[in-house]
Amino acid sequence: MPELPEVETVRRGLAAQLTGRRISHVTVRRGDLRRPLPPDMGQVLTGREVQSFGRRGKYLLVHLDGGRVLIVHLGMSGRLFVGAAPSGAAHEHVVLHFEGGAVLSYVDHRRFGLMDLCEAARLGEHVLLSAMGPEPLAADFDGPALAKRLSGKDTPIKAALLDQRVVAGLGNIYVCEALFYAGLSPRRRAGSVQGGRAARLAAAIKNVLEAAIAAGGSSLRDYVQATGELGYFQHRFAVYDRAGQPCPGCDCGAAVRRIVQSNRSTFYCAKRQR
DNA sequence: AGACGTACCTGACCGC
DNA sequence: TGCGGTCAGGTACGTC
C-alpha cells in the first residue's frame, strides 16, 4: 500500500505518538530486508531521543538527537505498528522499544522495505535520496515544473510518473488516478505533456494525494486505538483496480480498461483519457 | 543516457 | 483439499 499518502499518514501518526520519546533498545529478528540493515543500527539507535518525523517521497525520516536520521522505506508490504509490546506477528522484523513502554514494530512479509542510517546534514547526498525528484505537494510544484521534468522524454507518461527522479512519491495507484483526473492517456508520450496538459496533471497529482491523505488522517484516529496499525484506510479509487466497471461520474458509458505497461497494471478510461 | 525487462520475496486468490 | 499459475501498492540492476 505505501505510496506518498500512506507514508505521510504514518508519519503523522508516529509524530503524534512518539515525538520526544527515547529508544531504550532495539530488537532485530531479521536483518535481511531489501538490503541488509546497518550492522550497528541497534547500537546507534539505543539511547537516542526521537526529535521529529519527516518524509521525502516514500521515505520516512526519523530524526534523532545527536544528528542522525533513520531512513525507512516500506517497500510493497511494509507496515509500522505502535503498541504496548511486540506483537510477535509473523514477519515482525524490527522492534524499537521506547522508555516508558511503547514499541514501534516493523512488519514486512515480502521484505522489499529497507532501513538505513544517515547524518542529518548529509541527507541530501544519500544515495537513496540524492536523485529524487520534486515533492509533489510542495508549493513550487506546478505545471511548468512538471513540464520541465517531462520534456524530451520518450517513455509513456505512466512510466515517467513512476520514476521517482521525475516526481517523488507516486506509485502505481496514484499515477493511474492522477492521469484519470487529468484526462491524459497513460500511453501518451511523456514529452508531449507540456503547457495546459502539464498544468492539469500537476493539479491532479496534488489533488489525489491530498484527498488520500485527508482520508487517511480521518480514519487514523479509529485505527490507531484498535490495533496500532498506521497507514491503512478505506479509500475509493476512480479507476485503480476497477477494470470493467463504469468510468465514475462519466456519461461516456465506457468501461475502465486494464492494460499492462512496463509489466505493471494500468487502469484507465480510453474515452475520457487522451 | 535512457528505456526496458527481470529479479528480489511471500502470500492471496483462482481454476482445475 | 491440494496444486500450479498468476498477481500484488517498489526499487535496483543488467543489458541494449
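Keep in mind that the numbers below use all heavy atoms, side chains included, and drop hydrogens, waters and symmetry copies. First the proteins, then the strands, lettered A, B, ... as listed; each starts at 1.
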P spacing across the pair B/dA1 / C/dT11, given as an integer number of angstrom: 23 Å

Distance below 4.0 Å between A/R34 side-chain N/O and B/dC9 OP1 or OP2: no

Heavy-atom check, side chain of A/L96 versus side chain of A/V94, under 4.5 Å: yes

Separation of atom CZ in A/R35 from atom C1' in C/dG10, rounded to whole Å: 14 Å

Any A/R110 side-chain N or O less than 4.0 Å from OP1/OP2 of C/dA8: no

Presence of A/H109 side-chain N/O under 4.0 Å of C/dA8 phosphate oxygens OP1/OP2: no

Side-chain (A/R56) to main-chain (A/M132) donor-acceptor, under 3.5 angstrom: yes

A/L179 backbone acceptor or donor facing A/K158 side chain under 3.5 Å: no

Sugar-phosphate, base or nothing in reach of A/N263, heavy atoms under 4.0 Å: base

Presence of A/H73 side-chain N/O under 4.0 Å of C/dT11 phosphate oxygens OP1/OP2: yes

Mutual orientation of the aromatic rings belonging to A/H97 and A/H25 [parallel < 30°, tilted 30-60°, perpendicular > 60°]: parallel

Per-pair stack call A/F112 and C/dT11, 5.5 Å, 30°: no

A/Q164 side chain near C/dT11 phosphate (N/O to OP1/OP2, under 4.0 Å): yes

Any A/K153 side-chain N or O less than 4.0 Å from OP1/OP2 of B/dA3: yes

Distance below 4.0 Å between A/S77 side-chain N/O and C/dG10 OP1 or OP2: no

